[in-house]
Amino acid sequence: MAVVALLTQTLSLSIANAESATRPNILYIMSDDMGYSDIGCYGSEIETPNLNALAEHGLRYTQFYNTARCCPTRASLLTGLYPHQAGIGHMMNDRGYDGYRGDLNRNCVTLAEALKPAGYRTYLSGKWHVTKMIRPENEADKHNWPRQRGFDRFYGTIHGAGSFFDPNTLTRDNQYISPSADPEYGPEEQTNGTFYYTDAIADHAVRFINEHHFETGDQPFFMYVSFTAAHWPMHALEKDIEKYKGKYDAGYDAIRAARYQKMIELGVIDPKATTNFPVPEGAKETEFWEWDKRNMEVYAAMIDNMDQGIGRIVEALRDTGEFENTLICFFQDNGGCAEGYGRGGKGKQRSETAPLPELPDDYLQPDMQPKQTRDGFPVRTGKGVMAGPADTYIGYGRAWATVSNTPFREYKHWTHEGGISTPLIVHWPAKVTRHGELEHTPGHLVDLMATAVDVSGAEYPTVFHGGRKIKPMEGKSLVPTFEGKPIQREAIYWEHEGNRAIRVGDYKLVAKSAKGKWELYNIANDRSEQHNLADEQPERVEQLAAMWQAYAQRADVLPLNPIKNAKKKH
């Protein structure tokens with residue numbers, strides 16, 4: 001009997017090892033505050049050869065969606081739920097209702113928590129932004145930090161935005177670190193001895209891949225790489241900015257028109273269903289055109305640098321023999337950002353010498369916008385301040401965001417197509433054989449949990465966190481689309497700051513603000529949302545509005561856009 005038991009155990013282990021060998025690694029890569037047309041294979045003039053190569057040998061989705069804002073998207077991606085169901089219907093503050101706690105709740109599991117029981121090692125490099133606990137007073141306050149939500153290793157920032165040269169809340173595993181006093185990532189590992197956060201995110205992803213290979217290579221891994229490029233501030237390395245000097249001399253409308261034409265040639269949009277409406281005149285800079293042109297040059301450099309980092313990550317997969325059996329997905333957290341951060345008033349010129357004391361290397365910079373650089377220069381905002389260096393802090397503005405979102409309407413925050421549309425590149429040589437093809441099936445970030453569970457063989461839990469009931473996944477696995485097969489779903493839903501939408505088939509109902517009227521569009525004929533059909537089809541409006549209302553009631557969306565410190569709902 002002992003021999004039989006030993007043989008049975010050996011056979012079980014052999015089967016488990018064989019299954020582990022065939023299950024894919026899963027790599028989800030997300031960029032920050034970029035528009036639908038901002039990478040080359042979706043229409044951009046920006047150089048993204050590594051993403052283009054993944055697209056050439058994989059799939060590009062033309063109708064994939066996010067949630068219109070950074071932290072709700074991250075909550076949705078991580079949990080496979082709509083953001084309110086995970087407790088993050090708005091940003092990182094508690095608005096008094098369960099859908100708006102500003103902290104990832106315990107009625108959900110993260111991708112890492114779902115995949116670890118299936119034998120996956122789990123890694124995160126980059127931005128977290130799903131907890132309000134950015135100034136923890138004790139270890140218990142870190143209950144929603146990455147290591148406490150299933151990740152074996154973490155390098156990145158807990159907060160949502162910051163300097164690329166001196167980010168706040170920079171963390172290695174579970175402890176804050178200074179980029180200037182990090183013994184594990186010093187000048188010898190950095191580009192020309194300069195800390196630059198996009199490089200650091202990519203370099204740590206590479207490190208995790210290599211360490212995984214040598215330490216636990218018999219296990220598959222899940223890795224989430226969460227870049228902050230190209231979120232404001234417009235910070236980039238001079239070597240990358242240099243490539244784009246003069247690239248935008250033709251102006252907003254010319255660049256937008258060129259992108260629109262390239263998108264048509266690539267097939268990612270249909271000219272019969274889109275309108276390349278002009279950039280709003282009021283958004284364009286005239287007196288400060290040279291300044292705003294520089295903002296876009298830096299923005300392009302940020303994306304270029306991110307693509308270089310993705311190239312290093314891909315190379316690490318090749319070097320470790322993992323490239324063929326790694327499912328790679330690239331996508332964005334929201335549309336182009338029209339926020340006017342740092343663009344008010346006329347800025348000051350840089351001092352010839354540093355007027356402030358240098359900061360000690362071990363100083364933990366606490367602010368989203370630093371007050372000064374490490375070497376003593378005040379951080380400047382305002383028109384005329386040429387973006388790029390560490391002592392500047394500026395967004396690229398509404399006109400360039402309109403270019404980024406070509407040819408869609410609105411921006412980050414809104415649930416019109418410009419706010420929620422994202423590229424999705426899927427690459428998996430072992431399984432995805434539709435090389436260079438376009439996939440037009442609509443999808444949403446909630447689908448990426450279902451996809452990971454599907455390909456990994458993991459069992460999505462019904463209870464977790466000490467017996468807490470876990471909400472069912474909202475998404476659908478994208479695996480059928482890898483072979484050109486359809487997926488069935490009732491609808492896709494959105495809400496953020498009262499902006500709301502539902503898509504059923506080709507029809508989309510959408511509204512701006514909690515009191516805004518519903519608008520109806522046939523996306524197949526009018527993806528630029530220029531022809532409102534609400535008055536022509538009132539019955540369809542009523543039907544879709546009722547579906548959205550039912551979703552809102554079950555998914556902790558209501559009340560719409562509650563104010564901070566509202567009466568708590570228990």
Side-chain angles (χ1 to χ4, degrees), residues 32 69-79 83 86-113 116 122-185 195 197 200-201 204 208 224-228 231 333 359-371 374 464-466 468 564-565 568:
D32 201 346
R69 193 80 177 274
C70 15
C71 42
T73 278
R74 289 156 215 283
S76 194
L77 163 68
L78 283 166
T79 66
I88 303 181
H90 188 246
M91 298 293 280
M92 299 291 91
N93 50 23
D94 189 341
R95 292 188 163 206
Y97 294 86
D98 288 346
Y100 299 89
R101 295 297 180 194
D103 228 355
L104 208 60
N105 64 36
R106 286 296 195 273
N107 295 114
C108 65
V109 291
T110 67
L111 281 157
E113 289 168 335
K116 281 188 76 171
T122 55
Y123 305 93
L124 166 57
S125 184
K127 173 174 168 177
W128 183 235
H129 205 201
V130 287
T131 180
K132 58 191 174 188
M133 294 298 183
I134 60 172
R135 291 182 172 86
E137 297 180 358
N138 49 54
E139 291 302 305
D141 284 349
K142 300 177 182 179
H143 62 280
N144 270 331
W145 282 27
R147 288 294 302 276
Q148 283 72 16
R149 294 308 300 254
F151 286 93
D152 293 308
R153 296 295 311 277
F154 168 58
Y155 175 88
T157 43
I158 302 298
H159 186 51
S163 168
F164 284 73
F165 297 102
D166 194 7
N168 63 321
T169 71
L170 186 64
T171 304
R172 184 180 299 285
D173 289 324
N174 230 22
Q175 297 297 324
Y176 283 154
I177 54 173
S178 165
S180 298
D182 182 358
E184 295 191 38
Y185 188 68
F195 178 90
Y197 190 30
I201 291 170
H204 280 81
F208 291 156
Y224 171 31
V225 179
S226 181
F227 287 104
T228 55
H231 194 294
D333 69 341
L359 297 174
D361 286 347
D362 61 355
Y363 177 74
L364 295 177
Q365 198 284 113
D367 300 317
M368 181 182 74
Q369 178 184 322
K371 295 177 177 62
R374 290 267 167 180
F464 207 80
H465 304 302
R468 295 288 292 271
K564 188 177 179 181
N565 298 325
K568 290 188 177 182

N168 to G162 - nearest heavy-atom pair and separation:
OD1-CA, 4.0 Å

Is any side-chain heavy atom of M91 closer than 4.5 Å to one of K132?
no

Decide side-chain contact (heavy atoms from CB on, under 4.5 Å) for W128 and T171; before the verdict, give the C-alpha distance in whole Å, the side-chain angles of both, and the deciding distance to 0.1 Å.
CA-CA 10 Å; W128 183 235; T171 304; over 6 Å; no

Looking at G160 and D32, what are the two nearest heavy atoms and their distance?
O-OD2, 4.4 Å

Distance from D141 atom CG to M133 atom CE, nearest 0.5 Å?
4.5 Å

The criterion is side-chain contact (heavy atoms from CB on, under 4.5 Å); which residues satisfy it with D152, sequence neighbours excluded?
K116, R121, T122

Check the orientation of H204 and F208. Use parallel for under 30°, tilted for 30 to 60°, and perpendicular for over 60°.
perpendicular

Residues passing the salt bridge (Lys or Arg N to Asp or Glu O under 4.0 Å) test with D173, sequence neighbours excluded, are R147, R153

Which heavy atom of S226 sits nearest a heavy atom of Y224, and at what distance?
OG-OH, 3.5 Å

Salt bridge (charged side-chain N to carboxylate O under 4.0 Å, His left out) partners of residues 161-171, not counting sequence neighbours, each pair once:
D166-R374

Check the pair F165 / Q365 against side-chain contact (heavy atoms from CB on, under 4.5 Å), numbers first and verdict last.
CA-CA 11 Å; F165 297 102; Q365 198 284 113; over 6 Å; no

Working to the nearest 0.5 Å, report the span between OG1 of T131 and CG of D103.
3.5 Å

Assign the ring pair F195 / Y185 to parallel, tilted or perpendicular, where the plane angle (0 to 90°) is split at 30° and 60°.
perpendicular

Go through the structure and list residues passing side-chain contact (heavy atoms from CB on, under 4.5 Å) with A75, not counting sequence neighbours.
A86, I88, L104, V130

Does the pair D182 and Y155 meet the rule for a side-chain contact (heavy atoms from CB on, under 4.5 Å), with working shown?
CA-CA 12 Å; D182 182 358; Y155 175 88; 4.2 Å; yes

Could you list the residues that satisfy side-chain contact (heavy atoms from CB on, under 4.5 Å) with H465, not counting sequence neighbours?
R106, V109, E113, R149, R468, I470

What is the distance from atom CZ of R101 to atom CG of N144, rounded to the nearest 0.5 Å?
13.5 Å

Among T169, T157, I201, V225, find the one that has a side chain to side chain contact (heavy atoms under 4.5 Å, CB included) with K127.
T157

Atom pair CG (D333) and OG (S76), whose distance is rounded to the nearest 0.5 Å
12.0 Å

Looking only at non-hydrogen atoms, find the nearest pair between R135 and P366 and report the distance.
NH2-O, 3.3 Å

Reported OG-to-CZ distance for the pair S125 and F227, which is rounded to 0.5 angstrom
7.5 Å

Can you name the closest pair of heavy atoms from P72 and P83 and give their distance?
O-CB, 3.5 Å

Gap separating the CG atom of L111 from the CG atom of L78, nearest 0.5 angstrom
6.0 Å

Excluding sequence neighbours, so at least two apart, what forms side-chain contact (heavy atoms from CB on, under 4.5 Å) with K142?
P136, E139, W145, Q148, N174, Q175

